[in-house]
Engineer: 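Below is the structure I would like to discuss, written out as structure tokens.
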Number of protein chains: 2
Amino acid sequence: MNLKNTQARSAIYDFLIRSSSPVDVNQIIGFLRSKKLNTNKVTIYRNLDTLCKNGLLEKLEFGEGKFRYEFKKNHHHHLICTNCGKIEDVSGEYLSEIERKIKSENGFLIKSHVLEFYGLCRNCRS
Amino acid sequence: MNLKNTQARSAIYDFLIRSSSPVDVNQIIGFLRSKKLNTNKVTIYRNLDTLCKNGLLEKLEFGEGKFRYEFKKNHHHHLICTNCGKIEDVSGEYLSEIERKIKSENGFLIKSHVLEFYGLCRNCRS
DNA sequence: TTGACAAATGCAACTTAGTTGCATAAAATC
DNA sequence: GATTTTATGCAACTAAGTTGCATTTGTCAA
């Protein structure tokens, strides 16, 4: 696939690569405005889509009724604080055993999984 | 909380209790129409909300940009076929060990988790 | 370095999912 | 059967995301 290096696209990508947790489209719009880049939301959606399809970003959901995006890194999960909204990464490949079992018992071939944890972060616990 | 037993509510609940996989609001509307119950979508959303808050239903997301609902049963996960869309249940409490580890390492207190598997069901594999 | 072509953008209008305020209706309780 | 509480319907609205189409911008080869 032929990806062109445009202003909007590289700004979006830069923002995502620097974000420490998954961002939504509004945060992207805010960032682009702050950079005085007048970018249409359609362009943002299309770029996010393209970047996902090219394996550069990941599209995620956290029960908010909208999507969030993050720079694609090694397989990991998230700790979502239900009090303050903070999203931390947590790595770990916990499920290979389980996936093997499901394949033999259910005849279902697992290609991917989503595993996210909800609870209270260190700050909000105290 | 005082739940009244209304026509709309019990029809929605009946439908959910009989559905073998999580349903979206359109499926509920279709069902109610087929029963000649002329129910407003607002009523459906409010009932789903109420039933969730009372622990009778569960609200789920499968990366479709909308919510699905299911009758609340024992903790379980789903096998979502990315080819035909079929959603199967799979039971199992795989994560207690992991959750303990996360608590001590990240100081994060896990209250719940979401674990869903995507892949190909038995039919779609062949 | 320029011209051609594919890919990207912007705009307006649209869709889909879900929400809110408010007046009315229906259950449950007394 | 009257009262109170909860539920419903309607209309209008918001928020997230999409589509068609005309225009612009990168890229690459001549």
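Just so we're on the same page: letters track the sequence lines, and every chain starts at 1. Quick caveat, the model's predicted, so the values are computed rather than measured.
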Engineer: For the pair A:Phe67 and A:Tyr69, name the ring-plane relationship: parallel under 30°, tilted 30 to 60°, perpendicular over 60°.
Structural biologist: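 Rings of A:Phe67 and A:Tyr69: tilted, 30 to 60°.
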
Engineer: Confirm from the modelled atom types if B:Lys66 and C:dG18 form a donor-acceptor pair under 3.5 Å, side chain to base only.
Structural biologist: no

Engineer: Looking at D:dG9, I'd like to know if its phosphate oxygens (OP1 or OP2) sit under 4.0 Å from a side-chain N or O belonging to B:Thr43.
Structural biologist: yes

Engineer: Is there a path of hydrophobic side-chain contacts, each under 4.5 Å between heavy atoms, that joins B:Leu56 and B:Ile12?
Structural biologist: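 Hydrophobic grouping puts B:Leu56 with B:Ile12.
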
Engineer: In this structure, are over 12 heavy atoms from other groups packed under 6.0 Å from B:Gln7 atom CD?
Structural biologist: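 No, CD of B:Gln7 has 12 or fewer neighbouring heavy atoms, counting only those of other groups under 6.0 Å.
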
Engineer: Taking CD from A:Glu61 and C1' from C:dA17, how many angstroms apart are they, rounded to a whole number?
Structural biologist: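 After rounding, the reported distance stands at 12 Å.
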
Engineer: Between B:Leu120 and B:Cys81, which heavy-atom pair has the shortest distance, and what is it?
Structural biologist: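 Minimum heavy-atom contact is CA-SG, 4.0 Å.
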
Engineer: Are B:Leu51 and B:Ile17 joined in one hydrophobic group, where the rule is that I, L, V, M, F, W and Y side chains link up if heavy atoms are under 4.5 Å apart?
Structural biologist: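 Yes, B:Leu51 and B:Ile17 fall within the same hydrophobic cluster.
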
Engineer: From A:Leu95 CG over to A:Ile102 CD1, what is the distance, rounded to the nearest 0.5 angstrom?
Structural biologist: 8.5 Å

Engineer: Testing B:Ile87, B:Val90, B:Ile80 one by one against B:Glu116 for a side-chain contact (heavy atoms from CB on, under 4.5 Å), which residue passes?
Structural biologist: B:Ile80

Engineer: For atom CZ of A:Arg125, is the number of surrounding heavy atoms from other residues, nucleotides or ligands below 6.0 Å larger than 12?
Structural biologist: yes

Engineer: Check the distance between C:dA13's P and A:Lys41's NZ and give it to me in whole angstrom.
Structural biologist: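 Rounding to the nearest Å, NZ of A:Lys41 and P of C:dA13 are 13 Å apart.
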
Engineer: Report yes if at least one side-chain N or O of B:Tyr45 is closer than 4.0 Å to OP1 or OP2 of C:dT19; otherwise report no.
Structural biologist: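 Result: no.
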
Engineer: Angle between ring planes, A:His78 versus A:Phe62, binned at 30° and 60°: parallel, tilted or perpendicular?
Structural biologist: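 Ring orientation, 0 to 90° scale: perpendicular.
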
Engineer: Quickly work out the B:Ile44 CD1 to D:dG9 P distance and round it to whole Å.
Structural biologist: 9 Å

Engineer: Rounded to whole Å, how long is the line connecting atom CD of A:Glu64 with atom P of D:dA15?
Structural biologist: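 That distance rounds to 15 Å.
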
Engineer: Once each nucleotide of nucleotides 19-30 of chain D is scored for protein heavy atoms under 4.0 Å, what B/S/- sequence comes out, 5' to 3'?
Structural biologist: BB----BBS---

Engineer: Between A:Lys72 and A:Gly55, which heavy-atom pair has the shortest distance, and what is it?
Structural biologist: CD-O, 3.5 Å

Engineer: Between P on D:dG17 and CZ on B:Phe67, what's the gap in Å once rounded to a whole number?
Structural biologist: 11 Å

Engineer: Taking five pairs at each end of the helix from C:dT1-D:dA30 to C:dC30-D:dG1, what angle separates the two helix axes (nearest 10°)?
Structural biologist: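 The angle, to the nearest 10 degrees, is 30°.
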
Engineer: Residues from residues 8-39 of chain B sitting under 4.0 Å of DNA chain D, heavy atoms only?
Structural biologist: B:Ala8, B:Arg9, B:Asn38, B:Thr39

Engineer: Hey, is the side chain of A:Asn47 poking within less than 4.0 Å of OP1 or OP2 on C:dT9, counting only N and O atoms?
Structural biologist: yes

Engineer: Which of parallel (below 30°), tilted (30 to 60°) and perpendicular (above 60°) describes A:Phe117 and B:His113?
Structural biologist: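 The rings of A:Phe117 and B:His113 stand perpendicular, inter-plane angle above 60°.
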
Engineer: Expressed as a whole number of angstroms, how long is the span from B:Asn40:CG to C:dA23:P?
Structural biologist: 17 Å

